[in-house]
Amino acid sequence: MNQPLHIYNTLTKTKELFKPINAPLVGMYVCGPTVYSDAHLGNCRTFTSFDIIYRYLLHLGYKVRYVRNITDAGHLEGDRDMGDDKFTKKAKEFALEPMEIVQKYTIGFRDIMRLINNLPPSIEPTATGHILEQQDITKQIINNGLAYEANGTVYFDVDKYAKLHNYTELTNRKLEELYENTRDLEGQSEKKGRLDFALWIKAKPEHLMKWNSPWGVGFPGWHIECSAMSHKYLGYTFDIHGGGMDLQATHHTNEIAQNMAFCGKKPANYWIHTNMLTVNGQKMSKSLGNSFLPMELFSGQHPLLSKGFNPIVVRFFMLQAHYRSTLDFSNDALEAAEKGFKKLKDAFATLNKLTASNESSVNIKHIKDGCYAAMNDDFNTPMVIAHFFTIVKIINAAQIGNEKLTSTDIEQIKQLYKNFIIDIMGLQVHTDSMNNDQTLNQVMELVLELRQQAKLNKDYTTSDLIRDKITNAHIQINDSKDGSNWVLK
RNA sequence: GGUCCUGUGGCCGAGUGGUUAGGCUCAGCUCUGCAAAAGCUGCUACAGCGGUUCGAACCCGCUCGGGACCUCCA
């Protein structure tokens with residue numbers, strides 16, 4: 001539109017002009033969930049952030065291939081490169097096949113994504129579906145002399161790699177300090193260097209998910225899947241690689257190393273990292289036990305919640321903060337978001353009832369430019385929302401005649417709403433289901449009529465009785481100049 | 001311990017070297033039989049201490065908080 005899109009690149013720690021390698025094509029890879037348990041709200045925030053990025057790129061006219069993997073194998077539990085993988089552990093616990101675990105949580109994850117209105121990615125590859133690709137890359141890295149096999153396990157040779165390339169590019173850490181601060185683990189004597197990590201891991205006999213390989217029976221290490229799948233679907237170097245900040249130091253650092261070792265090319269030009277969702281200032285995570293499950297949030301079944309929240313309200317709540325800031329989660333914050341969102345929604349409902357004026361007292365284009373400027377400045381959704389609240393003010397003022405909107409203004413606002421609220425931010429306003437219940441509609445029609453009669457007779461005892469009783473049934477009656485109406489609470 | 005990030009009004013949260021973020025709460029008002037809902041108006045903050053500057057919440061230094069990563073994590 002006006003000024004071009006700038007993206008904050010973790011690689012350079014600056015906002016950079018976005019220049020796709022092959023416009024209008026854009027390749028974007030985002031590290032997806034490990035499906036060994038329910039996705040929590042923190043996970044949702046990351047994928048919602050990337051959904052906005054995806055949607056905005058689409059809106060700008062790019063043809064985006066958005067790849068987000070499903071990790072269904074290989075992630076290790078506890079001490080690194082040792083022990084059971086998460087799927088094996090869970091499968092044993094519940095006497096299930098690992099793929100039953102995978103199936104259950106994959107479906108659950110997709111349900112949540114749909115509820116929170118995240119578009120499905122273009123490709124959603126699984127680790128288990130790409131074992132051969134992972135082995136191929138591993139072989140190539142061995143051939144290139146940057147990995148070695150020891151007793152059925154293949155390790156990436158970080159020492160050797162660091163002499164050729166900048167291993168800590170993504171974090172700016174000093175290699176010596178990494179060495180100092182990395183724990184030496186027992187039973188890891190087969191590793192040459194302390195920082196070496198596994199590309200392929202020898203499976204113990206009791207291990208459930210394992211595959212044949214040139215190095216014996218085993219399973220892939222926990223970084224190689226992303227290298228394999230991003231390369232397969234997006235090529236040697238693609239535009240955007242994303243993920244949560246907690247993946248930056250280890251997972252993404254190793255991913256870059258793997259790709260460089262494999263083909264000499266960086267996987268991506270722009271690295272985008274989303275910040276964490278916190279609870280009382282602390283990162284929400286499974287290991288800390290302070291997770292909120294999306295379903296708990298939607299239903300209100302959680303000790304810290306006073307009620308359930310619509311998934312779109314949750315989405316709105318998340319978009320009120322910038323993706324690179326931490327966002328603190330609380331019942332109060334959610335309630336504030338709910339009310340704010342309702343205000344936004346209501347204003348656009350009244351927009352449709354507005355009568356156009358012959359003259360205009362507002363400058364809609366100015367606001368539109370502001371919205372694009374905000375999105376082009378590293379996807380600043382809170383700013384876009386602020387602009388929309390000035391539109392809300394204008395709409396409400398126009399309704400009581402304090403502002404004048406021409407039919408062109410009204411059309412422009414509707415277009416803005418469609419572009420930014422619906423298409424880019426995905427804040428789809430579902431028509432409330434309440435009016436779909438014909439029986440209830442008819443009953444309520446009668447109730448309101450009886451109450452209206454009572455009011456006309458100045459029988460306020462009866463009219464208030466009706467209102468109170470019906471409130472107990474979670475139906476709220478509101479009086480206005482043009483009569484009464486009702487909403488489900 | 002190391003590396004990095006961060007500290008904004010009652011709450012959540014943007015932002016910038018000199019002009020109102022925004023939302024919620026709260027107060028007042030309008031409307032109203034009373035409520036509720038809705039709308040309008042008001043509430044001017046940037047952890048502390050120094051420094052740079054004509055001017056800093058925004059730049060620099062120190063102090064004190066908070067957090068992330070260095071273990072699996074979005």
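Basis for what follows: all heavy atoms, side chains included, without hydrogens, waters or symmetry-related copies. Here is the naming used below: chain letters follow the sequence lines, and residue numbers restart at 1 for every chain.
Ranking C24(B), C34(B), C70(B) by closeness to the Leu178(A) side chain, first place goes to C70(B). Here the side chain of Ala321(A) is nearest to one of A14(B), U41(B), G22(B), namely A14(B). Comparing A37(B), G13(B), A21(B) by their nearest atom to the side chain of Asp328(A) picks out G13(B).
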Side chain to side chain donor-acceptor pair (under 3.5 Å), that's the test. Do Tyr8(A) and His322(A) meet it? Break it down for me.
CA-CA 12 Å; Tyr8(A) 183 88; His322(A) 187 86; over 6 Å; no
Please report the C-alpha distance between Asn275(A) and Thr326(A) in whole Å, then the side-chain angles of each, then the deciding distance to 0.1 Å, and finally whether the side chain to side chain donor-acceptor pair (under 3.5 Å) criterion is met.
CA-CA 5 Å; Asn275(A) 216 134; Thr326(A) 54; 5.2 Å; no
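Among the protein residues, Asn43(A) comes within range of the nucleic acid bases, having at least one heavy atom under 4.0 Å from a base atom. Among the atoms of the strands shown, only primed sugar atoms or phosphate atoms (P, OP1, OP2) are found under 4.0 Å from some heavy atom of Lys342(A).
Donor-acceptor pairing under 3.5 Å, judged by distance alone, is absent between the side chain of Arg324(A) and the base of C5(B). Judged by distance alone with a 3.5 Å cut-off, no donor-acceptor contact links the side chain of Arg467(A) to the base of A36(B).
Atom pair Glu335(A):CD and C12(B):C1' shows a separation of 12 Å (rounding to whole Å applied). Counting to the nearest Å, the P atom of A35(B) and the CD1 atom of Ile477(A) are 17 Å from each other. What separates CZ of Phe388(A) from P of G13(B) is a distance of 22 Å, to the nearest Å. Rounded to whole angstrom, the span from the CG atom of Leu334(A) across to the C1' atom of U25(B) amounts to 16 Å. The CG atom of Asp479(A) sits 9 Å away from the C1' atom of A37(B) (whole-angstrom rounding). Rounded to an integer number of Å, the gap from Asp332(A) CG to C26(B) C1' is 14 Å. Rounded to a whole Å, the CD1 atom of Ile385(A) is 12 Å from the P atom of C24(B). Regarding Phe389(A), its CZ atom lies at a distance of 11 Å from the P atom of G22(B), rounded to whole Å.
Across all strands shown, nothing is found opposite U52(B) as a Watson-Crick or G-U wobble partner with both distances under 3.5 Å. With a cut-off of 3.5 Å on both Watson-Crick or G-U wobble distances, the partner of C29(B) is given as G39(B).
Comparing G13(B) with U52(B), their C1' atoms sit 30 Å apart, to the nearest whole Å.
Checked options Asn69(A), Ile70(A), Val67(A); the residue passing with Glu124(A) is Ile70(A) (criterion: side chain to side chain contact (heavy atoms under 4.5 Å, CB included)).
Between Lys455(A) and Asp459(A) there is no salt bridge, since no side-chain N of the basic residue sits under 4.0 Å from a carboxylate O of the acidic one.
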Atom pairs, N/O to N/O, protein against nucleotides 67-69 of chain B, distance under 3.5 Å?
| from | atom 1 | to | atom 2 | distance (Å) |
| --- | --- | --- | --- | --- |
| A68(B) | OP1 | Lys283(A) | N | 3.4 |
| C69(B) | OP1 | Lys283(A) | NZ | 2.1 |
| C69(B) | O2' | Arg173(A) | NH2 | 3.1 |
| C69(B) | O2 | Arg173(A) | NH2 | 2.9 |

